[in-house]
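Source: prediction; values computed, not measured.
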Amino acid sequence: MDHAADAHRTDLMTITRHVLNEQTKYPESRGDFTILLNHIVLGCKFVCSSVSKAGLAKLFGLAGETNIQGEEQKKLDVLSNEVFVKALISSGRTCLLVSEEDEEAIFVDQSKRGKYIVVFDPLDGSSNIDCGVSIGAIFGIYMVKHKDNPTIDDVLQPGNNLVAAGYCMYGSSCTLVLSTGSGVNGFTLDPSLGEFILTHPDIKIPKKGKIYSVNEGNAKNWDEPTRKFVEKCKFPTDGSPPKSLRYIGSMVADVHRTLLYGGIFLYPADKKSPNGKLRVLYEVFPMSYLMEQAGGQAFTGKQRALDLVPGKIHERSPVFLGSYDDVEEIKALYAAADAAK
């Protein structure tokens with residue numbers, strides 16, 4: 001990479017310009033989606049700034065409350081949630097919001113109502129805040145059926161119906177990865193410009209990877225197909241080298257690495273969490289959507305992840321996502337286990 005040449009580049013593809021370019025492909029478009037995305041980007045910039053100053057601004061530690069999931073809320077969780085909710089409502093393009101931090105869905109006031117539904121986890125991996133590990137926000141965008149009369153059923157749609165999904169990772173740099181249904185693109189925040197610049201165009205996940213990512217501390221509670229798959233990763237029988245284990249414990253960071261380097265990310269169901277741990281609407285669906293758009297797969301142990309129809313807004317599910325061939329292997333193990341029953 002020629003860093004000297006990069007420093008003098010004047011033709012920068014910002015995220016706004018990228019989305020406007022996409023918009024020109026739809027002559028009937030009125031720019032509502034672009035406006036909504038701009039408000040999400042603003043929320044990401046605000047939270048990125050807060051995360052980087054968390055220690056100085058006394059934002060570490062607990063806020064003294066627990067969220068709907070029974071998890072202790074960190075101060076940054078609460079702040080991030082407020083920022084995203086206010087940014088999304090003020091866009092005037094949303095009618096219904098579902099946040100990991102709020103027990104009930106938020107119905108936007110009639111005067112500020114638009115045609116989009118946004119599901120989001122405002123700060124995923126927040127248990128890692130205090131030790132400086134990468135954390136991030138995850139979001140998915142749906143279209144509502146009737147914006148004048150949105151109901152909770154409007155959000156309980158399969159992931160297939162997403163119109164866009166993405167995540168923003170706050171790590172060594174601030175990276176926003178987005179898909180609007182025609183591939184996956186990655187943008188990095190340039191702090192000197194205050195703009196997200198296209199740095200990872202058209203991300204494609206390798207067909208097969210050399211890394212597996214799972215919390216092996218739960219191994220004694222796994223089902224047979226998961227146990228067999230992880231055993232095969234460590235002790236392959238076909239003469240191939242063993243896979244490397246990489247597990248950060250922050251979904252955004254683990255999925256980001258999987259997307260760029262290939263491999264598989266697993267969060268299976270187990271005896272302790274028979275329905276899995278990750279939430280369907282704002283964790284499983286957006287990440288599965290991005291994986292499929294990048295040429296990978298996402299599987300729940302029973303079906304394609306995006307075909308799942310959630311019954312409630314905070315429903316959980318197991319998930320196996322990553323490189324196409326790696327997910328094929330775990331699918332074959334589950335199929336064999338079902339056939340043996």
Side-chain angles (χ1 to χ4, degrees), residues 15 18-19 36-52 76-77 80-81 83-84 87-88 97-101 116-129 133-142 159 162-181 183-189 196-205 213 247-261 263 265 267 277-296 298 305-306 319 321-322:
I15 191 163
H18 175 81
V19 175
L36 171 61
L37 212 58
N38 265 337
H39 280 73
I40 291 174
V41 166
L42 179 63
C44 291
K45 288 177 186 173
F46 187 102
V47 175
C48 179
S49 169
S50 301
V51 167
S52 62
L76 265 174
D77 277 25
S80 305
N81 193 44
V83 166
F84 275 104
L88 290 165
L97 310 176
V98 172
S99 165
E100 191 230 12
E101 302 295 334
Y116 292 105
I117 295 166
V118 183
V119 293
F120 60 99
D121 182 345
L123 204 61
D124 180 72
S126 54
S127 59
N128 289 316
I129 292 170
V133 168
S134 295
I135 50 181
I138 309 171
F139 61 90
I141 303 172
Y142 288 103
L162 281 164
V163 293
Y167 59 81
C168 187
M169 185 176 73
Y170 315 116
S172 54
S173 58
C174 182
T175 309
L176 197 151
V177 174
L178 173 73
S179 175
T180 56
V184 181
N185 290 283
F187 303 82
T188 303
L189 184 63
F196 279 100
I197 307 297
L198 181 64
T199 49
H200 297 75
D202 196 20
I203 297 170
K204 291 284 180 231
I205 185 168
S213 184
Y247 187 70
I248 298 163
S250 170
M251 190 191 190
V252 171
D254 280 314
V255 169
H256 186 66
R257 184 200 55 250
T258 305
L259 197 58
L260 295 183
Y261 298 165
F265 170 83
Y267 212 118
K277 196 92 183 281
L278 298 174
R279 273 64 58 131
V280 172
L281 275 180
Y282 41 79
E283 289 175 327
V284 173
F285 279 171
M287 294 310 203
S288 300
Y289 183 84
L290 290 166
M291 275 300 162
E292 287 202 4
Q293 285 290 325
L306 292 179
V319 72
L321 50 81

Q: To the closest 0.5 Å, what do you measure between CG (Leu189) and CE (Met169)?
A: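 It comes to 12.5 Å.
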Q: Check whether any side-chain heavy atom of Leu76 sits under 4.5 Å from a side-chain heavy atom of Ser50, and report yes or no.
A: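 Yes, at least one pair of side-chain atoms sits under 4.5 Å.
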Q: Evaluate the side-chain proximity of Leu97 to Val118: yes if any heavy-atom separation is below 4.5 Å, no if none is.
A: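 Result yes, sub-4.5 Å side-chain heavy-atom pair found.
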Q: Using a 3.5 Å cut-off and no angle test, enumerate the donor-acceptor pairs between side-chain atoms of residues 249-258 and protein atoms at least two apart in sequence or in another chain.
A:
from   : atom 1 : to     : atom 2 : distance (Å)
Ser250 : OG     : Ser134 : O      : 2.8
Asp254 : OD1    : Ser213 : OG     : 3.3
Asp254 : OD1    : Ile248 : N      : 3.0
Asp254 : OD1    : Arg257 : NH1    : 3.1
Asp254 : OD1    : Arg257 : NH2    : 3.2
Asp254 : OD2    : Ile248 : N      : 3.2
Asp254 : OD2    : Gly249 : N      : 3.0
His256 : ND1    : Tyr167 : OH     : 2.7
Arg257 : NH2    : Ser213 : OG     : 3.1
Arg257 : NH2    : Arg246 : O      : 3.2
Thr258 : OG1    : Asp254 : O      : 2.7

Q: Does the side chain to side chain contact (heavy atoms under 4.5 Å, CB included) test come out yes or no for Ile40 and Leu176, once each step is laid out?
A: CA-CA 11 Å; Ile40 291 174; Leu176 197 151; 5.5 Å; no
Q: Restricting to non-hydrogen atoms, name the atom on Gly186 and the atom on Leu198 that form the minimum distance, rounded to 0.1 Å.
A: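 Where Gly186 meets Leu198 most closely, the heavy atoms are O-CD1, 3.5 Å.
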Q: Looking at every heavy atom in both Leu306 and Ser288, which two are closest together, and how far apart are they?
A: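 Result for this residue pair: CD2-CB, 3.8 Å.
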Q: How long is the gap from CD1 on Ile141 to CG on Leu36, to the nearest 0.5 Å?
A: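 Ile141 CD1 to Leu36 CG: 4.5 Å, rounded to 0.5 Å.
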Q: Roughly how far, to the nearest 0.5 Å, is the CD1 atom of Ile138 from the OH atom of Tyr282?
A: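 Atom-to-atom, Tyr282:OH and Ile138:CD1 are 10.0 Å apart.
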Q: Less than 4.5 Å apart, side chain to side chain, heavy atoms only: is that true for Phe265 and Leu321?
A: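 Yes; the side chains approach each other to less than 4.5 Å.
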Q: If you measure from CE on Met287 to CD on Glu292, what distance do you get to the nearest 0.5 Å?
A: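 Atom-to-atom, Met287:CE and Glu292:CD are 14.5 Å apart.
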Q: Does Tyr261 have more than 12 heavy atoms from other residues, nucleotides or ligands lying within 6.0 Å of its OH?
A: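 Counting neighbours around OH of Tyr261, 12 or fewer heavy atoms of other residues, nucleotides or ligands fall under 6.0 Å, so no.
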Q: For the SG atom of Cys174 and the CZ atom of Phe187, what is their distance to the nearest 0.5 Å?
A: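 Rounded to the nearest 0.5 Å, the SG-CZ separation comes out at 13.0 Å.
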Q: Any non-hydrogen side-chain atom of Phe285 less than 4.5 Å from a side-chain atom of Val119?
A: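 Of all side-chain heavy-atom pairs linking Val119 with Phe285, none is under 4.5 Å.
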Q: Are the side chain of Ser99 and the backbone of Glu101 linked by a donor-acceptor contact shorter than 3.5 Å?
A: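 Present.
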Q: Mind checking whether Cys168 and Phe139 have side chains closer than 4.5 Å, heavy atoms only?
A: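 With C-beta onward as the side chain, the pair stays apart.
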Q: Tell me the closest heavy-atom pair linking Tyr289 and Ala165, and the distance in Å.
A: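 Scanning both residues completely, I find the closest heavy atoms to be CD2-CB, 3.6 Å.
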Q: For Asn185 and Leu178, run side chain to side chain contact (heavy atoms under 4.5 Å, CB included): C-alpha distance rounded to whole Å, both residues' side-chain angles, the deciding distance at 0.1 Å, then the answer.
A: CA-CA 6 Å; Asn185 290 283; Leu178 173 73; 5.8 Å; no
Q: What are the two closest non-hydrogen atoms of Ile205 and Gly295, and how far apart are they?
A: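 Smallest interatomic distance, heavy atoms only, reads CG2-C, 3.8 Å.
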Q: Go through it in stages, so that I can follow the logic: the residues are Phe84 and Leu123, the test is side chain to side chain contact (heavy atoms under 4.5 Å, CB included), and I'd like the CA-CA distance, side-chain angles, deciding distance and then a yes or no.
A: CA-CA 10 Å; Phe84 275 104; Leu123 204 61; over 6 Å; no
Q: Check whether any side-chain heavy atom of Leu162 lies under 4.5 Å from a side-chain heavy atom of Tyr142, and answer yes or no.
A: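 They are in contact (side-chain heavy atoms under 4.5 Å apart), so the answer is yes.
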Q: If I compare all heavy atoms of Gly183 with all of Ser179, which pair ends up nearest, and what's the gap?
A: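 Closest approach of Gly183 to Ser179, heavy atoms only: O-OG, 2.8 Å.
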Q: Provide the closest heavy-atom pair for Ile203 versus Val177 in the form atom of the first, atom of the second, distance.
A: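 Reported closest heavy-atom pair: CD1-CG1, 4.5 Å.
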Q: Set out, in order, the CA-CA distance, both residues' side-chain angles and the distance that settles side chain to side chain contact (heavy atoms under 4.5 Å, CB included) for Thr175 and Thr199, then state yes or no.
A: CA-CA 9 Å; Thr175 309; Thr199 49; 5.6 Å; no
Q: Any non-hydrogen side-chain atom of Leu88 less than 4.5 Å from a side-chain atom of Phe120?
A: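 Contact flag for Leu88/Phe120 side chains = yes.
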Q: Nearest 0.5 angstrom please: Asp124 CG to Asp77 CG, how far?
A: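 One gets 9.5 Å once the value is rounded to the nearest 0.5 Å.
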